[in-house]
Protein chains: 2
Amino acid sequence: MSIEAVAREAGVSVATVSRVFNAPDLVRPPTREKVEKVALRLGYRANASAQTLRTQRSKVIGVVLPTLLNPVFAECPEGIAATAAEHGYSIIPVTTSYRLADEEAAVARLAARSVDGMVLVVANPAASPALKRLRAAKVPYVLAYNRHAKHPCVSVDHEAAVADVVHRLVARGHRRIAMVSGQLSASDRAQQRHRGFVRGLGECGLSAGTLLEVPFMEHAVQHLTEFLRGPARPTALFCSNDLLAIRTVRAAWQMGLRVPADLSVVGFDGIELGPDLTPSLGTVVQPNREIGIQCVRLLAGAMAAGRPLVPKASLTPDHSFRDGESPGPPPAS
Amino acid sequence: MSIEAVAREAGVSVATVSRVFNAPDLVRPPTREKVEKVALRLGYRANASAQTLRTQRSKVIGVVLPTLLNPVFAECPEGIAATAAEHGYSIIPVTTSYRLADEEAAVARLAARSVDGMVLVVANPAASPALKRLRAAKVPYVLAYNRHAKHPCVSVDHEAAVADVVHRLVARGHRRIAMVSGQLSASDRAQQRHRGFVRGLGECGLSAGTLLEVPFMEHAVQHLTEFLRGPARPTALFCSNDLLAIRTVRAAWQMGLRVPADLSVVGFDGIELGPDLTPSLGTVVQPNREIGIQCVRLLAGAMAAGRPLVPKASLTPDHSFRDGESPGPPPAS
DNA sequence: CTGTTAGCGCATTCAC
DNA sequence: GTGAATGCGCTAACAG
């Protein structure tokens, strides 16, 4: 089904058929209708490759994510896709499994597809070869969840959010608060959240809390169990993300600790599943869909203007809290 | 960065550059190396649109899914992407939000992108206009999770799996077993699972169990709570999918029922999060990644042969069980 | 082994 | 308002 077949069948030139779809006003109504009818009958759809090649614009936004297995990163594209569609764009999501080399490969492949813009969640903007290339290629892009002065970003203020959550725990009476995180060095988000943890404790006049790094999610429960068996068990655990928090609840439960009676647990992310868990998950809520939406809004502006986004365009949507049932007051002890 | 720029810079023709990437053996090593060096220096990547337009093959597999918010459908693409990559294909995932019209639109858009094949999870193969068009277009495709005699499918035998799970519950001593499901009419999977439920009960000599249809996931907990308050509360609940099972556990807990002491809950899907929940989720495990892998294997064969897949090619990977902690013996009463 | 060239399907001048 | 013609970047004959 090519444009030529439609043209022939409708007794017009290919130019007219093209206009019917791209600039209908330039075509006399009777002609237009005739073409539309034929196109419909033949099931004609313009070939995207040809269009992209010809116009040098694909009307596609590339989306680079660590994984879709973490609900956070599955929720965000919902907002991206919806808003992209409003602006006439489709999206192509690509996952990197947190691998740096994959980030670069993903960017290269999307560039080869002539995407008009990209939304990416990278491990660490400061050390990302992918971003360097993107910038050089003058492809408009925004980072989501990352925060970095040299790049356009859309993300909550992780540090402030975690400092806030520490205050809330302290307000509830907690004094021994520990943090659980994935490998800090692997992600700027983890680092920023940890800074917020330290700052929050400091602001509350508490000494530096323990940080438990769990490099591999698969062994999280095991590590946590060992940790909770250790001396001076904390009364509250702040977990750097919701998946970790879920596993923390499990680890606690496995060793006979009740949540929140014996141990308070708070996560970070605000995944939609949180409220449906038992106990429902207390967490710092990021507006995941909204983040996606704002990314695309920024991008749409840049793409329309035909120039890359600047770091100053960065947005900081507000975080919020879901108390949930997993945090409570510390045990009387 | 076009092939021509590389050719000029390397002092060869565009054909030679093309060969360096597509048929390196046809190029004399010195020439090849020179071209490779120039290409690398210039950061050249072949334009995918031009390649697709010219060769009429995109080396892309389109993936049509209901949503990525359900972990089942996020896990499957992991297998798809990995296997696709092995065969030199990339994937473009598209979500339909369970909307029929979106299925058709997704297929149309992917077709416009000249995808070489498609993997789809549809609401109901029997009533899918999208599939009709696909077939007519002679694009090779496979359905995942769906089962239908007229289409090539890769899916566990939902009916048998659920019948099995009923047997297991009965073996544990349960007699009053109910099923919770989304809207039956919305999905062939739900229907097949329900048939398995009915069959399983029959095989065990039990009378037809209650079916609770929960049309909207958001109200699941509320509906479930009402149901559990009703007369002759079952001792075990089979939930048509894991997300529903998670909410069922919550509903039970909210009204003071302990799982599994007061109520056994079993899900279906085998999402990876299941074992990390508290209590860990008993469920029928589908090999989600493997399903994706098998889909691509079938597809790769068909695409290589240049002809669509036939229904007979369908595969039925084995299901298994994770006992988990959510099912147990019925209360002594 | 390498170069020349046609054309994939389309949008876009430029004529008319 | 419409048509003819050009070329986007690339691969695949074909010629040499």
Side-chain angles (χ1 to χ4, degrees), chain A residues 1-36 38-39 42-60 88 108-116 137 139 306, chain B residues 1-36 38-39 42-60 88 108-116 137 139 306:
Chain A
M1 253 321 71
S2 71
I3 198 174
E4 195 187 327
V6 178
R8 201 170 30 231
E9 184 77 10
V12 297
S13 73
V14 294
T16 297
V17 178
S18 177
R19 287 193 195 99
V20 166
F21 291 101
N22 300 305
D25 302 336
L26 300 184
V27 181
R28 206 156 42 91
T31 318
R32 188 200 311 163
E33 282 157 27
K34 185 175 53 179
V35 171
E36 280 168 345
V38 171
L42 269 50
Y44 169 74
R45 288 272 298 188
N47 179 304
S49 296
Q51 281 181 312
T52 299
L53 189 56
R54 173 64 233 242
T55 62
Q56 305 289 335
R57 302 180 310 115
S58 59
K59 297 303 272 178
V60 170
R109 294 161 76 101
L110 288 173
R113 289 244 151 76
S114 316
V115 297
D116 297 337
V139 177
Chain B
M1 253 322 72
S2 71
I3 198 174
E4 195 186 327
V6 177
R8 201 169 31 228
E9 184 76 12
V12 298
S13 74
V14 293
T16 299
V17 178
S18 176
R19 287 191 196 101
V20 166
F21 291 101
N22 299 306
D25 303 336
L26 300 184
V27 182
R28 205 157 43 90
T31 318
R32 187 199 312 162
E33 283 158 27
K34 185 174 53 177
V35 171
E36 280 168 345
V38 172
L42 270 49
Y44 169 73
R45 289 271 299 187
N47 180 305
S49 296
Q51 282 180 314
T52 300
L53 189 56
R54 175 63 234 240
T55 63
Q56 304 290 334
R57 303 180 309 116
S58 59
K59 299 300 271 178
V60 170
R109 295 162 74 102
L110 289 172
R113 291 244 155 80
S114 315
V115 297
D116 297 337
V139 177

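In this text the structure is predicted, and so the values were computed from the model without any measurement. Order of the sequence lines sets the chain letters (A, B, ...), proteins ahead of strands, with each chain counted from 1.
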(message) If you define the side chain from C-beta out and look only at heavy atoms, does anything of A/V35 sit under 4.5 Å from A/V27?
(response) no

(message) Tell me the interatomic distance from B/E33, atom CD, to C/dT2, atom P, rounded to whole angstroms.
(response) 12 Å

(message) Among residues 16-28 of chain B, which ones have heavy-atom contacts with DNA chain D below 4.0 Å?
(response) B/S18, B/R19, B/N22

(message) If I take atom CZ in residue B/R8 and atom C1' in nucleotide D/dG9, what distance separates them, rounded to the nearest angstrom?
(response) 13 Å

(message) Is there a side-chain contact between A/L42 and A/E9 in this structure, where contact means two heavy atoms from C-beta onward sitting under 4.5 Å apart?
(response) yes

(request) Locate the shortest heavy-atom distance separating A/V14 from A/E4; write the atom from each residue and the value. (result) CG1-CA, 3.7 Å

(request) To the nearest 0.5 angstrom, please state how far the CZ atom of B/R45 sits from the CD1 atom of B/I3. (result) 13.5 Å

(request) For residues B/R19 and B/R32, determine if any side-chain heavy atom of one lies less than 4.5 Å from a side-chain heavy atom of the other. (result) no

Tabulated below should be each protein N or O lying under 3.5 Å from an N or O of nucleotides 5-9 of chain C; please produce it.
| unit_1 | atom_1 | unit_2 | atom_2 | d |
| --- | --- | --- | --- | --- |
| C/dG7 | N2 | B/R54 | NE | 3.4 |
| C/dG7 | N2 | B/R54 | NH1 | 3.1 |
| C/dC8 | O3' | B/Q56 | NE2 | 2.9 |
| C/dC8 | O2 | B/R54 | N | 3.4 |
| C/dG9 | N2 | A/A50 | O | 3.3 |

(request) Answer yes or no: is there a side-chain heavy-atom contact under 4.5 Å between A/N47 and B/S114? (result) yes

(request) Measure the CG-OG1 distance between A/L26 and A/T31 for me, rounded to the nearest 0.5 Å. (result) 12.0 Å

(message) Using every non-hydrogen atom in the two residues, find where B/V38 and B/A10 come nearest and quote the distance to one decimal.
(response) CG2-CB, 3.9 Å

